[in-house]
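Just so it is clear: chains get the letters A, B, ... in the order the sequence lines come, proteins before strands, and each one is counted from 1. As the structure is a computational prediction, the values presented were derived from the model and not from experiment.
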Protein chains: 2
Amino acid sequence: MPEARPVVFVIDDDASLRRALERLLRTEGYAVEGFASAQAYLARAPYDGPGCLLLDLAMPGIDGLELQQRLTRDAASLPIVFLSGHANVPESVNAMKMGAVDFLTKPADDADLLAAVRAALLQRDTQLAARERLATLSAREREVMHLVVEGLRNKEIAARLGITEKTVKVHRARAMEKTGATSLPELVRLAAEDSPPSPPDRAQP
Amino acid sequence: MPEARPVVFVIDDDASLRRALERLLRTEGYAVEGFASAQAYLARAPYDGPGCLLLDLAMPGIDGLELQQRLTRDAASLPIVFLSGHANVPESVNAMKMGAVDFLTKPADDADLLAAVRAALLQRDTQLAARERLATLSAREREVMHLVVEGLRNKEIAARLGITEKTVKVHRARAMEKTGATSLPELVRLAAEDSPPSPPDRAQP
DNA sequence: TGGGCGATTGGCCCAAAGGCCAATAGCGCC
DNA sequence: GGCGCTATTGGCCTTTGGGCCAATCGCCCA
């Protein structure tokens, strides 16, 4: 575990603001990485530990909303807190519909900002806990798990996959064991936390 | 079924705007009820059919956000689409965090408005479908269902409730039958749609 | 007071899910 | 070639979950 401390990725073209945010966040015990543009962030080596994004809306090149869209496409993306100076209502609403954790306006109150970051990191923790447990599953185990969670009986899954019911039982048991789920309902909820690239349940524009 | 057509409740203190919205919505085939204030809406006989709210933010007396908070407290509330003239970003973000379906600004494009209403009604349909199926459950059946969904085995539920495992089986079977769930995972998802007074998963301010 | 409904329980039996031990086969790596 | 991991399958036995029929009891309503 080289990454015990959560990392806040600050993406804002205003250098002085970045520095100010870094100071604030560091004193709270977070690791911070600043980027002057979305491109710079995208160029960074992928990160999949605990953390979140603190993202400016208006930036030269790729703007905040566009970056959000790109990142949200894959499920492994970090929760995003927007921080913007001259945003309008439609932009902020869109960002929220796309799954942003919060949308703050500059100048933001330190307490609000830290609260939003905490909320984002909490969300990330939940995400990671689920993914971590699902990560050790083999492809076949994951496949069986999904069918189980859809409500198919072992017999049906076996037919669907062209294998024996016995084998299904084995994969199913391993999936339960590896994920640590102690009941079917628990597995159902865990699996739900899996694939969800789409934000909660709101309509997409 | 006296209420086949969905009802859009328009709450706005601007009478002429209300009339315009009514015209637009009626031509789309919706039933419309207009109110000049939140109080007027609250005074109306409770409605639990298909429908949604089209709500102005700034109004004398109880404002839109406050009404949303009151309504959101109970799970039976209708989905809300905000429509506001001079809203600022924090207000709109709060509304979204509280579970609003959308937040439009005046003057709103007809197409956007109708799209938002459609999304809200769709959400309502899902809500209703779940509640309708859960409505016929007796208190005991519902109680057992919740424990089942939490992952307890029949034997444990029996001990918890101080009754026989046999009885638990009966309640469980009835719950499945009444809700139409054909598998445990299905029941889990159905029950999740039940109690949720809290908006999806975002942080509450 | 009789009927209907929900809560409880029993008995019987069958189907589904899980646990344990063992064995074979294919693949990639040391 | 051998080791380790995953996929598959078999057999056997136990635990759970469900289905069917039947019976009591308490309560509320016509």
Side-chain angles (χ1 to χ4, degrees), chain A residues 1 48 75-76 130-195, chain B residues 1 48 75-76 130-195:
Chain A
M1 329 277 114
D48 63 349
R131 289 201 211 308
E132 190 178 308
R133 306 210 283 174
L134 293 165
T136 60
L137 296 183
S138 72
R140 199 57 154 171
E141 285 159 358
R142 194 186 317 279
E143 192 177 7
V144 169
M145 178 188 75
H146 283 302
L147 294 174
V148 165
V149 161
E150 280 178 28
L152 299 188
R153 284 162 300 145
N154 290 343
K155 191 181 298 186
E156 299 173 311
I157 296 173
R160 182 82 69 93
L161 299 180
I163 56 181
T164 311
E165 184 182 342
K166 172 67 208 189
T167 306
V168 172
K169 284 188 181 182
V170 173
H171 289 313
R172 180 177 186 155
R174 281 212 190 300
M176 294 286 287
E177 181 195 326
K178 286 185 176 179
T179 60
T182 60
S183 68
L184 218 195
E186 199 180 331
L187 189 69
V188 170
R189 281 184 282 271
L190 216 171
E193 204 71 34
D194 186 28
S195 50
Chain B
M1 328 278 115
D48 64 347
R131 289 201 212 308
E132 190 178 307
R133 305 210 283 172
L134 292 166
T136 59
L137 295 183
S138 71
R140 200 54 155 174
E141 285 159 358
R142 193 187 318 278
E143 191 176 9
V144 168
M145 179 189 75
H146 282 303
L147 294 174
V148 165
V149 161
E150 281 177 27
L152 299 187
R153 283 163 298 142
N154 290 342
K155 191 182 298 186
E156 299 174 311
I157 296 173
R160 182 81 70 92
L161 300 181
I163 55 181
T164 310
E165 184 182 342
K166 172 66 207 190
T167 306
V168 172
K169 283 188 180 183
V170 174
H171 288 315
R172 180 178 186 155
R174 281 212 191 301
M176 295 286 287
E177 181 195 326
K178 286 186 176 179
T179 61
T182 61
S183 68
L184 217 194
E186 200 180 329
L187 188 70
V188 170
R189 281 183 282 271
L190 216 170
E193 203 72 31
D194 186 29
S195 50

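Heavy-atom nearest nucleotides on DNA chain D were determined for B:Ala173 and for A:Thr164, and the one closer to the 5' end corresponds to A:Thr164.
Taking a 6.0 Å sphere around CZ of B:Arg142, one finds it holds more than 12 heavy atoms contributed by other residues, nucleotides or ligands. In this structure, B:Arg140 places its CZ atom where more than 12 heavy-atom neighbours from other residues, nucleotides or ligands lie under 6.0 Å away.
Interatomic distance, B:Leu137 CG to B:Glu143 CD, rounded to the nearest 0.5 Å: 12.0 Å.
Proximity of B:Thr167 to the phosphate of C:dT8: no side-chain N or O atom is located under 4.0 Å from OP1 or OP2. In terms of phosphate contacts, B:Ser138 brings no side-chain nitrogen or oxygen within less than 4.0 Å of OP1 or OP2 of C:dC5.
Between the side chain of A:Glu186 and the backbone N or O of A:Thr182 there is at least one donor-acceptor pair closer than 3.5 Å. The main-chain N or O of B:Glu141 is found under 3.5 Å from a side-chain atom of B:Ser138 such that the two form a donor-acceptor pair.
Of all the heavy atoms in A:Ala130 and A:Leu190, the pair that sits closest is O-CD2, 3.8 Å. In plain terms, the two heavy atoms of B:Val144 and B:Arg172 that are nearest each other are CG1-N, 4.1 Å.
Of the residues in residues 174-188 of chain A, none has a non-hydrogen atom less than 4.0 angstrom from any atom of DNA chain C.
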Exercise. Go along nucleotides 12-17 of chain C 5' to 3' and tag each nucleotide: B for a protein heavy atom under 4.0 Å from its base, S when only backbone or sugar atoms are that close, - otherwise.
Key: ----SB
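Using a 4.5 Å heavy-atom cutoff, the side chains of B:Asp48 and B:Arg131 are not in contact. The shortest side-chain heavy-atom distance between B:Glu156 and B:Val168 does not fall under the 4.5 Å cut-off. Contact of the A:Leu161 side chain with the A:Leu147 side chain is registered, since non-hydrogen atoms from C-beta on lie closer than 4.5 Å.
A 4.0 Å heavy-atom criterion places the boundary nucleotides of DNA chain D facing chain B at D:dT16 to D:dC20, written 5' to 3'.
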